[in-house]
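Within every chain, numbering begins at 1; the chains are lettered A, B, ... in the order of the sequence lines, protein sequences first and strands thereafter.
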2 protein chains.
Amino acid sequence: MEFATFTKRIADAFPDLSPQLQVAARHVLDRPDDVALMSMRALAASAGIHPSTMVRLAKAFGCDSYKKFRTPFQERLRVLPKGYLARARSLQERGTEGEETLTQEVLSANLANLRDTFSINSFEKFEASAQAISNARRVYVVGMRGVFPVAYFFHYTYSMFRDNAVLLDSRGGAFSDDLRHFGKDDVIFAISFAPYTFETVRAVEFACEHGGTAIAMTDSPVSPLAKNAEHVLIVKNESPSFYHSVAAAVTATEELIALMMVEGGQQALKSIEESEQQLEGFQAYWRQNPKKKNKPRKRKS
Amino acid sequence: MEFATFTKRIADAFPDLSPQLQVAARHVLDRPDDVALMSMRALAASAGIHPSTMVRLAKAFGCDSYKKFRTPFQERLRVLPKGYLARARSLQERGTEGEETLTQEVLSANLANLRDTFSINSFEKFEASAQAISNARRVYVVGMRGVFPVAYFFHYTYSMFRDNAVLLDSRGGAFSDDLRHFGKDDVIFAISFAPYTFETVRAVEFACEHGGTAIAMTDSPVSPLAKNAEHVLIVKNESPSFYHSVAAAVTATEELIALMMVEGGQQALKSIEESEQQLEGFQAYWRQNPKKKNKPRKRKS
DNA sequence: ACAATTTTGAAACGAATGATTCCTTTTGCA
DNA sequence: TGCAAAAGGAATCATTCGTTTCAAAATTGT
């Protein structure tokens with residue numbers, strides 16, 4: 001919360017800064033990780049500026065020392081907020097240690113999954129996958145069992161601005177019926193982690209046999225999905241518990257959607273607006289005082 | 001990847017360390033964030049040990065300097081892996097800047113959501129919610145539209161070791177039918193973000209009117225869900241795009257599941273084993289060479 | 001074009017950092 | 001009990017840190 005407002009303040013004041021301070025500010029905004037982890041002098045050097053300039057930047061934003069300037073950058077990186085551990089310790093003495101560390105493990109496993117996923121898959125990979133989906137005549141989405149949430153999320157969000165997606169969910173056992181019309185201009189977006197659901201693997205094979213393009217979101221380059229897929233996104237799903245974590249997969253999906261949105265431009269925005277208005281029309285959303293004629297509750301950004 | 005193996009090595013060697021080195025090692029393992037962000041002397045002081053001991057710990061694990069010892073702890077915290085930005089810059093010169101920064105924004109928004117969510121909700125809150133669900137006679141799960149993936153994920157995972165969950169999905173418009181048998185020993189687990197889906201709000205109200213307990217996962221303490229709920233988990237869902245990010249909600253759900261698992265103990269484990277065997281029996285999973293009589297593909301940890 | 005002002009870079013300072021050395025204390029073993 | 005070895009602590013070192021000071025350079029207004 002602190003970091004976001006602070007950097008925003010810097011970004012807003014940017015045009016009014018002196019040339020050298022602008023160089024410093026740009027570097028700071030571009031590489032917040034480095035601000036937190038490197039020494040001031042090293043940071044200045046990597047920005048190609050004099051150390052004094054960094055101090056001046058800090059003071060220009062009301063920090064009486066560089067240390068205070070750096071604090072929000074450091075806090076942003078902490079996996080566990082300050083003071084969390086103090087409580088953890090006291091709990092431990094009460095014998096609840098196991099569950100407390102479990103909490104930390106769930107959190108850091110997921111943070112690591114996110115970072116790793118975006119580290120393994122270059123921006124170009126995301127972009128290429130997004131392109132392929134955007135150009136498809138029809139988009140078939142398949143993800144079963146544990147990863148069905150990912151497939152559903154993709155389909156739901158995608159359908160806010162495009163109307164050519166089909167979610168395969170094998171309800172009523174009619175799984176293969178949905179794929180009957182699959183053609184060579186179509187794309188299948190398949191999600192599966194080990195152990196791979198049979199139907200998902202089969203669906204990808206089917207799609208490829210019929211000349212279509214497959215985009216796979218899976219956990220390994222040697223996954224049976226990857227074999228046939230044109231584009232492969234590797235997603236980490238480590239978890240301290242028995243299930244596979246799907247948060248990273250959801251986030252990678254968000255990334256795909258965001259890219260397609262940007263690409264879709266004005267047209268996509270308009271479609272979303274229409275979708276929302278339609279939902280309002282159906283009274284899908286709760287209103288503060290349904291009895292009175294109130295304005296609809298403002299949508300959160 | 002580096003960090004995990006390194007800390008594991010420390011943890012494994014722990015029993016063989018001298019008393020003071022154990023104090024140091026414990027502190028390092030307990031507070032990896034501090035190792036990355038604080039100076040060696042400050043870290044030693046907060047651990048109550050002599051600075052020399054820290055240096056000795058580093059050398060005990062093959063690092064010729066403390067700096068090298070600290071590196072994996074620092075890299076772990078980076079939002080963007082090293083070198084990512086270098087590519088970003090070159091892309092920017094090719095005019096793709098907008099989308100590249102979007103990628104970074106998606107990632108860091110989600111990382112922040114995760115951290116904030118676990119920061120806002122204390123461990124006790126998670127624990128209390130998990131307890132309430134565990135003690136319920138029946139668990140009704142409701143989450144519509146964008147957050148249906150969360151509800152589905154909860155229901156799917158929970159059902160691996162308990163059989164008393166009902167997923168409300170209003171398929172066929174029979175939404176309220178499912179709640180007809182809701183009683184005072186039952187629990188409703190409801191997920192909704194602004195703008196709040198009407199049916200979800202209504203379901204919580206209904207449950208409370210019938211003497212049940214509501215656990216809400218929502219975006220604000222003043223959300224209409226929070227009003228009636230016994231336990232409220234606040235989840236961040238900031239996103240650079242038009243949708244609400246659900247990764248943090250999924251992760252918070254994972255945390256609930258993990259806690260209930262631990263609590264469930266041996267019985268829960270046995271149930272999961274049975275569930276998996278059943279799936280194997282249905283041949284739900286793909287096998288490397290279905291024709292030959294191979295061993296089933298080993299499940300990933 | 002010149003003076004006033006701001007911006008910038010170089011040099012130098014004290015403080016803090018990580019590392020080393022040396023010596024005391026503790027431990028293990030005969 | 002005595003002794004050798006290991007462990008821990010204190011003092012000290014060179015280095016690097018953030019910071020300050022001051023003069024040069026650049027910008028601005030007149």
Atom CE of A:M38 and atom P of D:dG18 are separated, to the nearest Å, by 10 Å
Closer than 4.0 Å, any side-chain N/O of B:S39 to the OP1 or OP2 of C:dA16? no
(message) Under 4.0 Å, counting only non-hydrogen atoms across every strand here, what does B:S52 touch: a base, just sugar-phosphate, or nothing?
(response) base
When rounded to whole Å, the CE to C1' distance for the pair B:M40 and D:dC17 reads 15 Å
If you count heavy atoms of other groups shown closer than 6.0 angstrom to NZ of B:K125, is the number above 12? yes
Between CE of B:M54 and P of C:dT17 the distance, given in whole Å, is 13 Å
Taken to the nearest whole Å, CG/A:L43 to P/D:dT19 is 13 Å
Carefully, step by step, assess A:L259 and A:F123 under the rule side chain to side chain contact (heavy atoms under 4.5 Å, CB included). CA-CA 10 Å; A:L259 288 175; A:F123 166 71; 4.0 Å; yes
Per atom distances to the A:Y66 side chain, the nearest of D:dG18, C:dG18, C:dT20 is D:dG18
Value for NE2 (A:H231) from OG (A:S129), rounded to nearest 0.5 Å, stands at 5.5 Å
Which of C:dT7, D:dA7, D:dA10 is nearest the side chain of A:P19? It is C:dT7
Please check if any side-chain donor atom of B:E254 sits under 3.5 Å from a side-chain acceptor atom of A:S241, or the reverse.
no
In whole angstroms, the gap separating P of D:dG8 from CZ of B:R56 amounts to 8 Å
When A:V55 and B:Q20 are each assigned the nearest nucleotide of DNA chain D, the 5'-most assignment goes to B:Q20
Rounded to whole Å, CG of B:L57 lies from P of D:dA7 at a distance of 13 Å
Rounded to whole Å, CZ of B:R41 lies from P of D:dG9 at a distance of 14 Å
### Query
OP1 or OP2 of C:dA19 sitting under 4.0 Å from any side-chain N/O of B:S65?
yes
Separation of D:dG8 atom C1' from B:H50 atom NE2, nearest Å, is 8 Å
Is the shortest heavy-atom distance from the side chain of A:F161 to the side chain of A:M260 under 4.5 Å?
-> yes
OP1 or OP2 of D:dT20 sitting under 4.0 Å from any side-chain N/O of A:K59? yes
